[in-house]
Q: 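Starting off with a structure, shown below.
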Amino acid sequence: MRMRPLHARYPFFAAAREAVESADVAIATLVAEDAPAVERGVERVERALMEGTVEPDPDEAYGWDTQTELLSYPISRIIVSLVETPAAVDKYARAEADTAYERMLADFDAGDDDVHGEARANLDDFLREFDLDGAVRAESNRNRNSRRAPDHYWVDVGPYLTYSDTDWGADWRLVNRSLADGAVRVTREELSELLREAVRRRVAEGLPFAVRGSDAGDRLADALKPHVERLRNLLSDRGAVNVVYVDSVDPDHFPPCVEALLARAQDGETLPNEAAFALAAFLVGVGLEPEAVGGVVGDANAEELQKRATVLADSSGSQYAPPTCETMQAYDLCVNRDDRCDTIKHPMKYFETATNDADATAADEVAD
Amino acid sequence: MDGRTREYLEGRFGDYYRSTDVPLPPAPGEREWGVIPWSAGGTRMHRHQSLLDLGDLSDYLARSAPRHVYFSSARFADPGAASMDDKDWREADLVFDIDADHLPGIDPETTGYADMLDAGKEALLDLLDLLEDDFDFEEMQAVFSGGRGYHVHVRDESVRGLDSEARREIVDYIRAIDLDFDALIETRQHGTTTQRVLRTEGGWGRRTHRRLLEFVDALLEMEEDAALSRLKELDGIGDGRAKTILGAFRNNPDAVREGNVEAGGPGVRTLVEALAHETVEDETSPIDEPVTTDTKRLIRLPKSLHGGSGLVVEPLDRDEIDDFDPLSDAVPDRFRGRDIAVKVTDPGEVEFDGDSFTLDSGVQSVDESLGVFLMTRGRAEKVTE
């Protein structure tokens, strides 16, 4: 089966998988040769975990060809399995689904005469892909002559309950829905959201899998090791530090490294990837809402860091701990060390002890 | 229960099973089976059994004559495995339970058994209306539980894979838990104007709308004064609002038929809210939540005997339900037409087999069906003939 642009756009489609399987390329060989698909696969995971998207970096001068783009998907699945962080799989699947969702919306809106037609999927393609073609019906428009896509669809209640999530809000609750004759009325946008969830589950299915354990698997894992280690460092060790809950966040208690990052951001510098992640993760870690993060980092960085913070803080409970002191040092972000730095191994711990000491001092003052 | 009574009932349950064809549920080999035998106090359940362990079901029931028989709503890869993990859950029927003990307004202490069962049947009919009309389920079996209520087994393929959380959504719909009454009316864009519209397409909005139409039809048939008084019975509707509402309904009956509640002014909103609450009060069904959300539960086998009543766990055709009277229709024929001697230990009022009477204490001769009923309910003991 030929690799089509549509497969590269939606690499989780069954047909895309078949195209990869029937192609005359071995993943092992690609990895051994460090082919472009590996670089793209690493980028896919990195952007998924750090920025919540798997779109190629728009700042890169060149685009990836269809084959590289498609082959990067199975490679990224291997990488995310090797990262061995439970939150990583969750974040990764969400990012793949969010990206597919954006593409899906663009495709559904594009007309039939679109020049990129071959690379685009229509709603029916998606419904068939997830075995929903018999379970979703368009509501006929009141104006029969209208050529517009229908505003509403009816989704059979079984699939509706399977793919919707009550965490999405009260208006997703079945009790608040129009349910009639076994189907639930949804808007076109809501139908796309159900499909996004179907994608997320498809991507998450089978992840993480055991890569090591065979000679071939071990070779694969060894070859990818530098990439995996780098990603792990970027993520830091989840679970090593808990979110610090304090009544109010006082920047005076931030460690010098974070103060420095914050100053650079407020000065309007575009922070490199690791620095931006470290800052956003720290601010989320001390309990700032994503909007608040956007508010403190200066206009130049507000949008970017708020986006990152949203990804990091999302309600699934899978937020990443900010980097450790060791990781900060590795990225040359550990600056202006002070006495307290010698007593801690994590910037979050710095903040926690500084806040506690200040509280204790305040309490003493009241007690006197 | 004394040994003689237990032995007697065990023997009679065996006779029942030898003379009755107990049909198997779909996919019986993928289900877990459980029984409570008569021996040893009759409370310990033997579960984690597959049909392979039991052998032919009819034969097994005839041989072992258990006090209670259950099967799992779930289908497993290995139903006989001792732990749930090893069983490997595949899917589960959607099961509803109406337990007359837990119905609103029913106090089991003061309500008679027959009245409780009547209330349960009302709840069953409300449930079936929702399952048929709103959910459009097709493979449904309603069953008298043999005790104090009713079960409904839904086996449509589209819901068998649902997890516990999804099933809770179905429960909440049926009980209208967390229903957002305000959202039943929404603002819709019509060209350049907006309109406040009751959501008539489905759900609790459609049910409220149906009630509204009935209300309007009744109102339009009334004399002016009567109609206005009827409207003013509602909180928040005085003279002025009542006239506005009635005028709107008379001048433009089609608007309300389409769900447009703009025309009658703010009073219509009050009316719709009141009717929505009435709808929920009337049409929800007080099903027992944990039974539906537990995807690994054992449930009583239809056509088996309930060891706490001696009644048949009776499957019901849809059109039989209205006339079904558990206390006569679920009495096993096998036990009728022969007198036996029992010693009544708990005398008093009894409702049974379409009859209501007062029972004296002491040894007496009664129809065996009544004797079994009394003994299984702990109100009598077997004595020698």
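Keep in mind it's a predicted model, so treat the numbers as computed, not measured. The sequence lines fix the lettering, A, B, ..., with proteins before strands; numbering per chain opens at 1.
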Q: For E21(A), does the CD atom have more than 12 heavy-atom neighbours from other residues, nucleotides or ligands under 6.0 Å away?
A: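 More than 12 heavy atoms, drawn from other residues, nucleotides or ligands, come within 6.0 Å of this atom.
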
Q: Has the side chain of R199(B) got a donor or acceptor atom that lies under 3.5 Å from a matching backbone atom of N176(A)?
A: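 Yes, the answer is positive, given that a donor and an acceptor are paired below the 3.5 Å cut-off.
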
Q: Heavy-atom distance under 4.5 Å to chain A: side chain of E165(B), backbone, both or neither?
A: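 Contact with chain A is through the side chain of E165(B) alone.
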
Q: Hey, is CD on E157(B) packed in by over 12 heavy atoms from elsewhere, all under 6.0 Å?
A: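 Open: at most 12 neighbouring heavy atoms sit under 6.0 Å from CD of E157(B).
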
Q: Check this for me: D254(B), atom CG, are more than 12 non-hydrogen atoms of other residues, nucleotides or ligands nearer than 6.0 Å?
A: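 Yes, enclosed.
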
Q: Determine, step by step, whether E201(B) and W154(A) satisfy the side-chain contact (heavy atoms from CB on, under 4.5 Å) criterion, reporting the C-alpha distance in whole Å, the side-chain angles of both residues, the deciding distance to 0.1 Å, and the verdict.
A: CA-CA 11 Å; E201(B) 290 87 1; W154(A) 289 85; 3.9 Å; yes

Q: With chain B, which of V184(A), T166(A), D171(A) has the greatest number of heavy-atom pairs at distances under 4.5 Å?
A: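 Most heavy-atom pairs under 4.5 Å with chain B: T166(A).
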
Q: Mind listing the closest non-hydrogen atom pair of R173(A) and D172(B) along with its distance?
A: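 Looks like NH2-OD2, 2.6 Å.
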
Q: For E169(B) and W172(A), which heavy atoms make the closest approach, and how far apart are they?
A: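 Looks like OE1-O, 4.4 Å.
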
Q: Given R167(B) and L161(A), is the side-chain contact (heavy atoms from CB on, under 4.5 Å) satisfied, shown in steps?
A: CA-CA 8 Å; R167(B) 288 168 200 246; L161(A) 289 174; over 6 Å; no

Q: Going from CG on L174(A) to CD1 on I170(B), what distance comes out if it is rounded to the nearest 0.5 angstrom?
A: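 Answer rounded to 0.5 Å: 7.0 Å.
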
Q: Which bit of L179(B) comes within less than 4.5 Å of chain A, counting heavy atoms only: side chain, backbone, both or neither?
A: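 Both backbone and side chain.
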
Q: Around atom CG of D282(B), are there more than 12 heavy atoms from other residues, nucleotides or ligands closer than 6.0 Å?
A: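 It does: D282(B) CG has more than 12 such atoms within range.
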
Q: Is it true that, when you exclude E205(A) itself, more than 12 heavy atoms of the residues, nucleotides or ligands shown sit nearer than 6.0 Å to its CD?
A: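 12 or below, so no.
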
Q: Quick check: are there more than 12 heavy atoms from other residues, nucleotides or ligands sitting under 6.0 Å from CD of E139(B)?
A: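 Yes.
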
Q: Which one of P159(A), A180(A), A183(A) has the most heavy-atom pairs closer than 4.5 Å to chain B?
A: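 Heavy-atom pair counts peak at A180(A).
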
Q: So which of L179(A), V157(A), D181(A) has the largest heavy-atom pair count under 4.5 angstrom toward chain B?
A: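 Ranked by heavy-atom pairs under 4.5 Å with chain B, first place is L179(A).
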
Q: For atom CZ of R269(B), decide whether the heavy atoms of other residues, nucleotides or ligands shown that lie under 6.0 angstrom number more than 12.
A: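 Yes, enclosed.
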
Q: Taking V159(B), T200(B), D178(B) one by one, which has the highest count of heavy-atom pairs under 4.5 Å against chain A?
A: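 It is D178(B).
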
